[in-house]
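The structure appears below as structure tokens.
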Amino acid sequence: NINLFRDPRWGRGQETYGEDPYLTARLGVAFVKGIQGDDPRHLKVAATAKHYAVHSGPEPERHRFDARVSLKDMRETYLPAFEALVREGRVASVMCAYNAVNGQPACASEDLLYRFLRGEWGFEGYVVSDCDAVNNLWRPNEHRYLETQWEGAGTALRRGTDLECGDAYTTLAEAVRRGYLTEEDLDRALSRVLSSRFRLGLFDPP
């Protein structure tokens, strides 16, 4: 948990390294390197950096809150630790958050998943959703970014959320049937997830 602890009402704050972006980045990188190990072929553990991004604050709002953040604040405050874990720590996985950022839910954010994570930082691992975050995309009284579960699942996967904690991805076949998603989109996500499992040695001989 490398979010910054900005609001004492957030119930996960005790897991974090505090409110300093630099300190959080240094401790986060050390933690990832320590648990993933330094074997050139295998990971000891596939570490996951969470919650990406701009996530903290009162718990009841997290499934519908839209964090409006300037690019300056993103680059100086909320993203440096994630960038450090990707570039220096070679973290295996990143978990997208419940909240939206500047109008797009984090698990379907073109800025977070395309522009920064895979574009600028060159992340090659897999993105996993926080539990049920993909369903937040369409549910009434939450983000309501899309109308149906299959649209939410298809959008999240196409924009870079490779693995879901929840049940929305059970509708991916419907998204493909409707032409909303391609089999190539599925293959790309599957390749990222399986690559991590190979690095963990799960397919090696005993």
Roughly how far apart are Leu137 CG and Thr148 OG1, rounded to 0.5 Å? 10.5 Å

One should read off an interatomic distance between Tyr78 OH and Phe116 CZ, to the nearest 0.5 angstrom, of 14.0 Å

Do Lys50 and Arg12 pass the side chain to side chain contact (heavy atoms under 4.5 Å, CB included) test, and can you show the C-alpha distance, the side-chain angles, and the key distance before you say yes or no? CA-CA 11 Å; Lys50 65 181 189 177; Arg12 305 289 291 273; 3.2 Å; yes

salt_bridge(Glu120, Arg75) N-O dist < 4.0 Å: yes

Of the non-hydrogen atoms in Gly18 and Thr24, which two are nearest, and what is the gap between them? O-OG1, 4.1 Å

Establish whether Val176 and Val134 are linked, either directly or via other cluster members, by ILVMFWY side-chain heavy-atom contacts under 4.5 Å. yes

List the atom pairs, donor and acceptor, that lie under 3.5 Å between side-chain atoms in residues 191-206 and the rest of the protein, sequence neighbours left out.
residue	atom	partner	partner atom	Å
Arg192	NH1	Asp162	OD1	2.9
Ser195	OG	Ser191	O	2.7
Asp204	OD2	His42	NE2	2.7

Hydrophobic clustering (ILVMFWY, side-chain heavy atoms < 4.5 Å, transitive) - are Val128 and Leu172 grouped together? no

What heavy-atom pair brings Asp39 and Arg41 nearest, and what distance separates the two atoms? OD1-N, 2.7 Å

For atom CG of Asp187, is the number of surrounding heavy atoms from other residues, nucleotides or ligands below 6.0 Å larger than 12? yes

Residues that Glu76 engages under side chain to side chain contact (heavy atoms under 4.5 Å, CB included), provided they are two or more places apart: Lys72

Residues pairing under ring pair (Phe, Tyr, Trp, His ring centres under 6.0 Å) where one sits in residues 144-173, two or more places apart or in two chains, turn out to be Trp150-Tyr180

Hydrophobic clustering (ILVMFWY, side-chain heavy atoms < 4.5 Å, transitive) - are Leu79 and Tyr17 grouped together? yes

Tell me if the CD atom of Glu183 is crowded by more than 12 foreign heavy atoms within 6.0 Å. no

For Glu83, I'd like to know if atom CD has over 12 heavy atoms of other residues, nucleotides or ligands within 6.0 Å. yes

Could you work out, with side chain to side chain contact (heavy atoms under 4.5 Å, CB included) as the rule, every residue matching Phe5, not counting sequence neighbours? Trp10, Thr16

Got a second to check how far Asp132's CG is from His63's NE2, nearest 0.5 Å? 7.5 Å

Run the side chain to side chain contact (heavy atoms under 4.5 Å, CB included) test on Asn1 and His51 for me, step by step, so that the C-alpha distance in whole Å, both residues' side-chain angles and the decisive distance to 0.1 Å come before the verdict. CA-CA 7 Å; Asn1 189 342; His51 310 79; 3.7 Å; yes

For a quick test of your reading: what N or O donor-acceptor pairs under 3.5 Å do the side chains of residues 88-103 make, sequence neighbours left out?
residue	atom	partner	partner atom	Å
Glu88	OE1	Arg26	NH1	3.1
Glu88	OE1	Arg26	NH2	3.3
Glu88	OE2	Arg26	NH2	2.9
Ser93	OG	Thr48	OG1	3.4
Ser93	OG	Tyr126	O	3.3
Tyr98	OH	Asp130	OD1	3.4
Tyr98	OH	Cys131	O	2.7
Asn99	OD1	His55	ND1	3.0
Asn99	ND2	Ala53	O	3.2
Asn99	ND2	Val54	O	3.3
Asn102	OD1	Val69	N	2.8
Asn102	ND2	Val69	O	3.0

Using the rule given for side chain to side chain contact (heavy atoms under 4.5 Å, CB included), can you reason through Leu157 versus Glu164, listing the C-alpha separation, both sets of side-chain angles and the distance that settles it, and then say yes or no? CA-CA 9 Å; Leu157 187 130; Glu164 185 214 11; over 6 Å; no

Are Trp121 and Val127 linked, directly or through intermediate hydrophobic residues, by side-chain heavy-atom contacts shorter than 4.5 Å (ILVMFWY only)? yes

With sequence neighbours left out, which residue pairs that include part of residues 146-161 fulfil the salt bridge (charged side-chain N to carboxylate O under 4.0 Å, His left out) condition? Arg144-Glu147

Give a yes or no on whether the backbone of Glu174 and the side-chain of Thr171 come within a donor-acceptor separation of less than 3.5 Å. no

What's the shortest heavy-atom distance between Ala168 and Ala153, and which atoms? O-CB, 3.4 Å

Following the transitive rule for hydrophobic clusters with a side-chain heavy-atom cut-off under 4.5 Å over Ile, Leu, Val, Met, Phe, Trp and Tyr, establish whether Ile2 and Ile35 coincide in one cluster. yes

Using distance alone, with no hydrogens and no angle criterion, decide if Asp167 and Gln149 have a side-chain donor and acceptor under 3.5 Å apart. yes

